[in-house]
2 protein chains.
Amino acid sequence: MATLKEVAKKAGVSITTVSRVINGSSKVNGETRERVQKAMIQLDYQPNRVAQRLRASSGQSKLLGLIIPDIQNQFYSNIVRGIEDVTYGHDYAVILCNSDENPNKERFYLEVLKSESVDGIILPPIHQFGEEIESIIELGIPIVCVDRKLMRKKVDTVVIGNEKGGYDAVSHLIEQGHKKIAILTSSLQFSSFDERQKGYERALKENGIEIDKRLIKEGDPRSSETARELTDELLSLDSPPSAIFATNNLMTLGVLESVNKHGMQIPDDISIVGFDDLPWAKAISPPLTTIKQPAYEMGQKAAELFFQRVENPSREPEVVIMEPKLIVRESTAKLVNAQVKDTE
Amino acid sequence: MATLKEVAKKAGVSITTVSRVINGSSKVNGETRERVQKAMIQLDYQPNRVAQRLRASSGQSKLLGLIIPDIQNQFYSNIVRGIEDVTYGHDYAVILCNSDENPNKERFYLEVLKSESVDGIILPPIHQFGEEIESIIELGIPIVCVDRKLMRKKVDTVVIGNEKGGYDAVSHLIEQGHKKIAILTSSLQFSSFDERQKGYERALKENGIEIDKRLIKEGDPRSSETARELTDELLSLDSPPSAIFATNNLMTLGVLESVNKHGMQIPDDISIVGFDDLPWAKAISPPLTTIKQPAYEMGQKAAELFFQRVENPSREPEVVIMEPKLIVRESTAKLVNAQVKDTE
DNA sequence: GTGAAAGCGCTAACAG
DNA sequence: CTGTTAGCGCTTTCAC
């Protein structure tokens with residue numbers, strides 16, 4: 001790999017001049033410039049990003065850190081893709097880290113990213129009061145929260161209206177005539193799930209339906225397995241729910257599995273609303289009603305906020321709230337007659 | 001962020017000594033060591049990875065590059081996770097790049113990764129004869145191919161037995177009594193899809209079934225949309241297939257969507273075998289028969305090959321072929337009594 | 001316009 | 001055992 005020095009030698013100039021040509025900074029004689037450019041091409045010169053980064057002040061390292069719970073969760077891979085598509089246009093590279101919702105891993109990767117001199121970090125914080133993250137903000141490294149909020153600090157943030165999402169899902173079910181509506185939510189304290197549950201409760205209250213604790217099941221949102229078990233429990237209740245609201249994509253899968261295993265028909269025997277409108281939702285039979293999160297767009301927006309901060313570090317932090325959207329499909333079809341069959 | 005210099009000053013030693021303590025290289029006086037360690041803790045010292053990388057010879061930069069077609073494709077996100085879990089234990093950071101099967105993006109990211117001084121690159125090569133990749137191998141940067149092979153160069157590679165996967169899928173369908181079996185495969189030249197199709201053809205031949213070109217549909221494997229359209233075409237054929245083999249997860253979704261839209265019942269009206277056993281496959285109704293690829297394990301293995309090469313650069317390149325596995329579920333259930341409406 | 005030189009933070013000879 | 005010194009490849013004063 002060619003270096004500045006070699007290019008300089010070949011072009012018969014100093015390395016400073018070559019650097020100037022590359023960065024297009026101060027004026028360089030047209031002829032000299034051409035000679036340098038020719039040498040760069042001949043040697044197939046590519047600047048060494050590591051050296052640039054070591055030398056550069058913050059905000060110029062062209063490296064962005066991402067810490068997500070799990071790239072295998074498609075909701076997050078959609079966010080990551082949205083981010084990456086924006087960084088691509090800015091000539092940034094992206095370091096990817098999986099935290100597994102484990103605060104120790106989060107802390108570990110935060111240290112790694114600091115030590116890698118990233119220009120910023122995008123993440124859904126595991127804790128609403130993450131001290132490590134707060135201290136990084138203090139250090140002046142731009143942080144953008146996505147999917148979840150940080151409570152004590154003002155930070156650039158992209159979330160969806162989770163309360164509204166939960167409210168819309170359950171209101172829709174109520175409209176279809178349901179009264180016994182169960183919810184599968186997270187046993188861990190994430191702002192997103194808390195809010196979805198609040199929306200669930202508000203929809204019930206507003207419609208004069210009493211909240212039945214037996215219909216509220218909490219489990220690990222990373223595991224469709226627990227969701228399946230919890231659904232098994234729900235279905236074997238004395239008076240089981242006629243509808244289930246699953247608050248993320250993995251839990252939705254567990255619900256579907258349990259329902260199918262019990263030989264129940266959707267929506268005839270039970271209605272389902274999922275969260276996250278992933279590609280399989282509309283491909284399955286019957287197609288699934290979901291609350292769609294604009295994950296890809298959330299990623300894009302988060303990356304944009306990051307670049308805005310790089311350009312203007314003193315800008316006021318911004319909180320962007322995106323709209324969740326109810327996508328009605330047949331898994332919550334109203335049972336007007338005995339049977340509503342799915343034909344196009 | 002504290003530096004070596006500051007630690008040295010605080011501990012009253014030279015930076016070399018501090019460096020020695022960190023790297024545990026040559027012997028340092030016990031007392032001195034303690035003093036240094038205390039200073040490191042007090043200052044919350046973390047070595048600067050960028051500086052280490054600039055200084056380090058190749059194989060020590062603690063950075064690994066990944067270029068995958070699309071992280072939104074869950075097959076690849078599973079691979080990525082397998083890789084990441086192995087690198088985590090080696091204190092490596094991972095740079096993630098999406099190529100979209102676009103050779104220009106691949107080339108671009110290859111340059112970026114070179115310029116980032118990565119210790120190696122793991123990727124499914126877009127072309128079986130990728131010159132850029134070959135030249136990188138020549139440079140001595142370890143490359144590990146995963147999911148797809150490189151033809152002209154000997155490289156560490158992890159693939160599955162794709163031909164066998166295709167063969168098993170189709171043999172299974174034949175066993176269930178099917179004779180008109182369609183395949184949805186890639187219109188682009190990837191070794192993996194080519195081989196799956198070869199397996200399809202061999203299974204037919206060995207069972208004395210003539211290959212019917214009208215039942216072989218080629219489309220973009222990144223798009224469930226085209227798969228849906230191609231399935232529409234298949235289903236409107238004069239004598240439509242009684243079974244469809246979809247050669248990746250996205251195409252499978254397209255098939256399902258089309259079949260459902262046509263109001264056909266699986267497996268009564270048509271049988272389906274998919275590729276990639278993703279979480280939704282067993283959650284849908286009826287559960288989907290698939291060829292399971294051990295994607296996560298492929299990622300792990302690829303990362304292990306990389307680390308083996310870092311340890312021993314002169315080792316012979318190794319090609320690991322993992323087993324695809326037929327997972328039989330109800331989407332290909334034999335229609336015992338009913339009419340196997342398979343054009344006799 | 002152009003170049004010499006300092007230095008980002010670190011490791012690795014080479015002395016002592 | 002420990003310190004001095006020379007860079008890794010680059011950008012950026014500061015002179016000329």
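Everything numeric here is computed off the predicted structure, so don't read it as measured data. Sequence lines set the chain letters: A, B, ... in the order given, protein chains first and strands last, and positions in each chain run from 1. Worth knowing before you read on, the calculation uses all heavy atoms, side chains too, and leaves out hydrogens, waters and symmetry mates.
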Under a 3.5 Å cutoff, is there a donor and acceptor pairing between the side chains of A:Asp119 and A:Ser61? yes
With B:Thr157, which residues qualify under side chain to side chain contact (heavy atoms under 4.5 Å, CB included), at least two apart? B:Cys145, B:Lys149, B:Val155, B:Val159, B:Val319
Taken in chain and number order and not counting sequence neighbours, the residues that satisfy side chain to side chain contact (heavy atoms under 4.5 Å, CB included) with B:Tyr88 are A:Lys105, A:Phe108, A:Tyr109
Those residues at least two apart in sequence (or on a different chain) that pass side-chain hydrogen bond (donor to acceptor under 3.5 Å, both in side chains) with A:Asp44 are none
Within a 6.0 Å radius of atom CD on B:Glu131, are there more than 12 heavy atoms belonging to other residues, nucleotides or ligands? no
Kindly state each residue pair satisfying side-chain hydrogen bond (donor to acceptor under 3.5 Å, both in side chains) with at least one member in residues 299-311 of chain B, sequence neighbours excluded. B:Asp156-B:Arg309
Salt bridge (Lys or Arg N to Asp or Glu O under 4.0 Å): pairs with one or both residues in residues 53-68 of chain B, sequence neighbours excluded: A:Glu116-B:Arg53
Residue list, side chain to side chain contact (heavy atoms under 4.5 Å, CB included) with B:Lys9, at least two apart or on another chain: none
A:Tyr296 ring centre to A:Arg81 NZ or CZ under 6.0 Å, with the angle to the axis within 45°? no
Please check if any side-chain donor atom of B:Asn23 sits under 3.5 Å from a side-chain acceptor atom of B:Ser19, or the reverse. yes
Tell me what A:Thr3 touches on the nucleic acid: a base, only sugar-phosphate, or nothing, going by heavy atoms under 4.0 Å. sugar-phosphate
So, using ring pair (Phe, Tyr, Trp, His ring centres under 6.0 Å) as the criterion, who are the partners of A:Phe306 when residues are at least two apart? A:Tyr92
Among residues two or more places apart or on two chains, list those pairs meeting ring-ring contact (aromatic ring centres under 6.0 Å, His included) that have a residue in residues 43-87 of chain B. none
Taking A:Lys153 as the fixed residue, which of A:Glu138, A:Glu132, A:Glu134 is the one that meets the salt bridge (Lys or Arg N to Asp or Glu O under 4.0 Å) rule? A:Glu138
Below 3.5 Å between N/O atoms, which protein atoms pair up with nucleotides 1-5 of chain D? Just atom names and distances, please.
residue	atom	partner	partner atom	Å
D:dT2	OP1	B:Thr32	OG1	2.6
D:dT2	OP2	B:Asn29	N	2.8
D:dG3	OP2	B:Ser14	N	3.0
D:dG3	OP2	B:Ser14	OG	3.2
D:dG3	OP2	B:Thr17	OG1	2.6
D:dG3	N7	B:Arg20	NH1	3.4
D:dG3	O6	B:Arg20	NH2	2.5
D:dT4	O4	B:Thr16	OG1	2.9

Hey, what bend do you get for the helix from C:dG1-D:dC16 to C:dG16-D:dC1 if you fit axes on five pairs at each end, rounded to 10°? 40°
For atom CD1 of A:Ile22 and atom C1' of D:dT12, their distance in whole Å: 14 Å
Heavy atom of residues 40-58 of chain A under 4.0 Å from DNA chain C: which residues? A:Leu54, A:Arg55
Min and max contacting nt of DNA chain C in 5' to 3' order, chain A heavy atoms within under 4.0 angstrom, are C:dG1 to C:dG9
